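Remarks on the structure that follows.
As a basis for the values below, the full set of heavy atoms in this structure was taken, side chains included, without hydrogen atoms, waters or symmetry mates. What you see is a predicted model; the values in this text were computed from it and never measured. Order of the sequence lines fixes the chain letters, A, B, ..., with proteins taken first and strands second; residue numbering starts at 1 for each chain.
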Number of protein chains: 2
Amino acid sequence: MDAPAEHNLDLIFAALADPTRRAILRTLLDGERNVGDLAEPLPMSLAAVSKHLQILGRAGLVSQDRQGRIRTCRLEPDGLQNAFIWMQGFGAFAFEDYDALESWIERALDPEGIDDPDPDTTHAP
Amino acid sequence: MDAPAEHNLDLIFAALADPTRRAILRTLLDGERNVGDLAEPLPMSLAAVSKHLQILGRAGLVSQDRQGRIRTCRLEPDGLQNAFIWMQGFGAFAFEDYDALESWIERALDPEGIDDPDPDTTHAP
DNA sequence: GCTTCATTCAACCAAATGGTTGACTTTTTT
DNA sequence: AAAAAAGTCAACCATTTGGTTGAATGAAGC
């Protein structure tokens with residue numbers, strides 16, 4: 001298995017380190033959005049959001065589909081895999097708690113299971 | 001008690017976004033190290049490494065144990081869990097590819113599957 | 001054809017980041 | 001007691017980041 005490229009991890013983790021960008025990702029979990037829709041609830045200019053989307057794009061976490069004058073953004077969930085795989089080596093799931101792992105797997109495999117991404121309201125394993 | 005939340009994620013992901021800091025974490029997987037040992041292979045000053053360790057410390061990923069004039073650093077693998085949990089909501093393992101998930105789980109659960117040449121310093125169950 | 005909408009681009013700014021060096025503190029060694 | 005070792009701290013510097021505004025681009029609507 002190839003270790004994920006370091007540079008890639010730089011971009012992914014840096015992209016995730018900003019709360020605005022995480023909010024954008026969370027919004028995109030509910031489905032595709034154009035840039036204006038993403039910007040609307042955020043306390044900043046459209047241009048700022050556009051730059052955040054570029055950062056997410058370079059990290060491979062979001063892609064844009066331009067149809068007409070509207071740019072539709074969508075989540076690229078596979079983009080997180082490298083970071084996820086990197087993390088696993090650090091015992092993030094140093095489980096004695098197999099139940100937690102099982103419920104995690106359940107959620108991971110069940111499309112209905114990903115409807116509450118808000119870390120504030122999540123269930124710790 | 002349960003207030004990991006957004007700010008915490010900022011610190012964790014920002015800490016992970018730097019290759020030097022990831023290298024330090026990787027080294028610490030093999031066991032505890034003092035600051036000088038961590039700095040030795042790195043192409044920068046001791047002071048720079050010390051600052052990186054502060055960042056890792058604030059993120060909850062590394063702790064220091066000061067005995068005498070020597071600071072021993074050790075990995076806090078639980079520190080990654082918040083980030084890990086946050087990620088799971090994004091279908092990082094939205095697998096059609098169940099084989100990959102299975103092999104991941106295998107590695108996650110099997111102590112031999114984690115590349116840890118120093119069994120004395122167990123951070124995993 | 002002009003205007004409007006959706007978005008990006010360019011220039012700019014303040015603050016944060018990642019590094020340096022040199023002084024300082026604390027402990028160990030001699 | 002003096003010197004050396006292990007780290008941190010403080011001040012500094014260059015670059016990056018996250019934001020702004022205003023102009024530019026590219027459809028769509030009138």
Worksheet item: Heavy atom of residues 37-46 of chain A under 4.0 Å from DNA chain D: which residues?
Response: M44(A), S45(A)

Fill in: Proximity to DNA chain D (any heavy atom under 4.0 Å), residues of residues 54-69 of chain B only
Q54(B), Q64(B), R69(B)

Worksheet item: Should the pair F84(A) and F84(B) be assigned to parallel (<30°), tilted (30 to 60°) or perpendicular (>60°) ring geometry?
Response: tilted

Please say yes or no: joined through hydrophobic side-chain contacts below 4.5 Å, possibly via intermediate residues, are [X] and [Y] part of one cluster?
X      : Y      : answer
I55(A) : V49(A) : no
L9(B)  : L56(A) : yes
L61(B) : L53(B) : yes
I24(A) : L11(A) : no

Worksheet item: Quick one: is dT8(C) close enough that its OP1 or OP2 comes under 4.0 Å of any side-chain N or O from S50(A)?
Response: yes

Discussion item. Does a side-chain N or O of N34(B) approach OP1 or OP2 of dA6(D) to a distance below 4.0 Å, or not?
Written reply: no

Fill in: Euclidean distance, L80(B) CG relative to M87(B) CE, rounded to 0.5 Å
9.0 Å

Worksheet item: What is the distance from atom CG of L16(A) to atom CZ of R22(A), rounded to the nearest 0.5 Å?
Response: 7.5 Å

Fill in: By salt bridge (charged side-chain N to carboxylate O under 4.0 Å, His left out) - contacts of R69(B) (at least two apart)
none

For the pair made of [atom1] in [X] and [atom2] in [N], what is the distance, rounded to whole Å?
X      : N       : atom1 : atom2 : value
K51(B) : dA10(D) : NZ    : P     : 11 Å
I70(A) : dA28(D) : CD1   : C1'   : 10 Å
H52(A) : dT16(D) : NE2   : C1'   : 14 Å
R71(A) : dA6(C)  : CZ    : P     : 13 Å
D18(B) : dT15(D) : CG    : P     : 17 Å
L16(A) : dT17(D) : CG    : C1'   : 16 Å

Item to complete: Would you check if there is a donor-acceptor pair between the side chains of T72(A) and E32(A) at a distance under 3.5 Å?
Response: no

Discussion item. Nearest to the A47(A) side chain among dG7(D), dG19(C), dG22(D), which nucleotide is it?
Written reply: dG22(D)

Response to the item:
Taking dG18(D), dT20(D), dG19(C) as options, the one with an atom nearest any side-chain atom of R21(A) is dG18(D)

